[in-house]
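Each chain gets a letter, A, B and so on, in the order the sequences are listed, and its residues count up from 1. Worth saying up front: this structure is predicted, and the values here are computed from it rather than measured.
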Amino acid sequence: MAQQGHLVISGVFKTFRVSGEPLRVLAGLDLEVEPGGFLTIVGASGCGKSTLLRLVAGLDTAFDGSVRVDGDPVTAPSLDRGLVFQEPRLFPWLTVAQNVALGLLNSPLDKARRRREVSAHIELVGLGGFENAYPHQLSGGMAQRVAIARGLVNRPRILLLDEPFGALDALTRARLQDELQRIWAAERTTMLLVTHDVEEATYLGDRVVVMAPRPGRIAATFDVPLARPRERTDPALGRLRDDVMAALQATSSAGVAPKSAPVPAARTAPLLVSAE
Amino acid sequence: MTRTLRGLALPLLLLACWQAASHFGLVDRRILPPLERVAHTAIDQVVNHGLLGHLAISLLRDMVGFVLGAMLGLLTGALLGLFRTIDLLVFPSFNGLRQIAILAWIPLISIWFGIGETAKVVFITAAAFIPVVLNTYEGFRSAPDSLVEVARAFTFTRWQAITRLYLPSALPSIATGVHLALIYSWVASIGSEYFMTVGPGIGGMIIAGRERFEMDLVMLGILILGLVGFLINRSASLVEARLLRWQQA
């Protein structure tokens, strides 16, 4: 059985209209995530990384170029692509279990199977025992776990995460990063995570893409060839973090300093894609 | 418990002032009869003049008008809130019409429907209808965009979005509208009895008291109105709190 969750983004351009004026937010993006891969995208705010994620999710379909999952073009949201937002976005009138079950509302599974999947995924994110709690009774970290369970419950081919830990305190963030890594190792879902946190991007990704703003484009790509589970204190990880940071800073000073500061250890060519 | 006691302090004080004023002859007893007179009238009205029947009729009329108005209001508010075309076509006119004070409709209603039961119920229905429409409409439109996006991402159908997202997020607002409708329809019940003085009811009793200059009867009627209004309001709050338990305290 071929593993699913192969994401190919090629030649994507996206333009918004801001008070009548066209504003280019993505300019010629090419990107590929292998089945079961973990790609992180890091960039300053306004670089179009969240826009890109919305295109992949199918929430915004007005763009040029192509986004394909396992060969099929993305034209609308689909349960094959799970989505976790920066805020948990839980339905406040539903319990934890009911919120997770929303992810299965349109799945073909029967009732008994749904119940099993819901409780399995609540366990997966470490919230066993909180099935009947309401969102206002949860901490920010717990609520975000529910959102992750909701995104995963349908066993999507790809899980899209839009700065999922950005609003959490440092300790909770680190813990949830570990959890996500563990879940990924267990489920082997293809992951695409967008963040502005270099530490998070390098710690979690197989590959880290640095995006530059105005218009959004890929500035550099780094492979992270480190074994998992990773150690945050690993010196190799530390060096990589510095490199990614340098590349990221180069993107924000590009407007001031002359173009293209040298980026060490980076594959500056965009990853080109040969969809087979 | 202490909360209830503190809440009761002012009404009790006012009653005491009333009693003292009328006992020590500070005001004319014909204008402000002492409490025992009112109590005596209450017993007399219950035993000899069917006070409870009057009350039951007022409440029944209130309930019929309230239920009709609230149901029509829910339906209208939901249609306005969910369908952009209906909203654009109808809401401006509705907004204009509701600027006309509800009492101003009475002459029209009494010409169209007479001054009997039908007219009273129509008036109460209109009074209950307006707050329910407005709050239901607001509620349906206030579903947060962030959750609407979740619904899209999880491929909710239109019907699923209405039942799982728009309706539940409108509930607190709908509850406010229904709560207001309960209060308005009680006020309208009495108003209809004041203005269309045919048939039994507490309002009619008060008007009769005024015409015969029986202030004890008037005071009794007013006390009953206040008490019923208070009880309606309290029960509505309790039901509301129970239905909306998921809301943050």
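For the side-chain contact (heavy atoms from CB on, under 4.5 Å) test with A:Phe38, the passing option among A:Leu192, A:Val33, A:Leu204 is A:Leu204; the others fail.
Of the two parts of B:Leu171, neither the backbone nor the side chain holds a non-hydrogen atom closer than 4.5 Å to a non-hydrogen atom of chain A. Looking at A:Arg150, the atoms closer than 4.5 Å to chain B (heavy atoms on both sides) sit in the backbone and in the side chain alike. Of the atoms belonging to A:Ser107, not a single heavy atom falls under 4.5 Å from chain B.
Ranked by heavy-atom pairs under 4.5 Å with chain A, the first of B:Ala151, B:Pro168, B:Pro144 is B:Pro168. Put simply, of A:Leu94, A:Leu79, A:Asn154, A:Leu104, the one with the most heavy-atom pairs under 4.5 Å next to chain B is A:Leu79.
A donor-acceptor contact under 3.5 angstrom links the side chains of B:His179 and B:Asn233, judged on distance only. No side-chain donor-acceptor contact under 3.5 Å links B:Ser58 and B:Ser189. With no hydrogens or angles considered, a side-chain donor-acceptor pair links B:Asp62 and B:Ser185 at under 3.5 Å.
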For this session: Check the pair A:Arg114 / A:Glu117 against salt bridge (charged side-chain N to carboxylate O under 4.0 Å, His left out), numbers first and verdict last.
Result: CA-CA 5 Å; A:Arg114 282 176 201 220; A:Glu117 289 291 334; over 6 Å; no
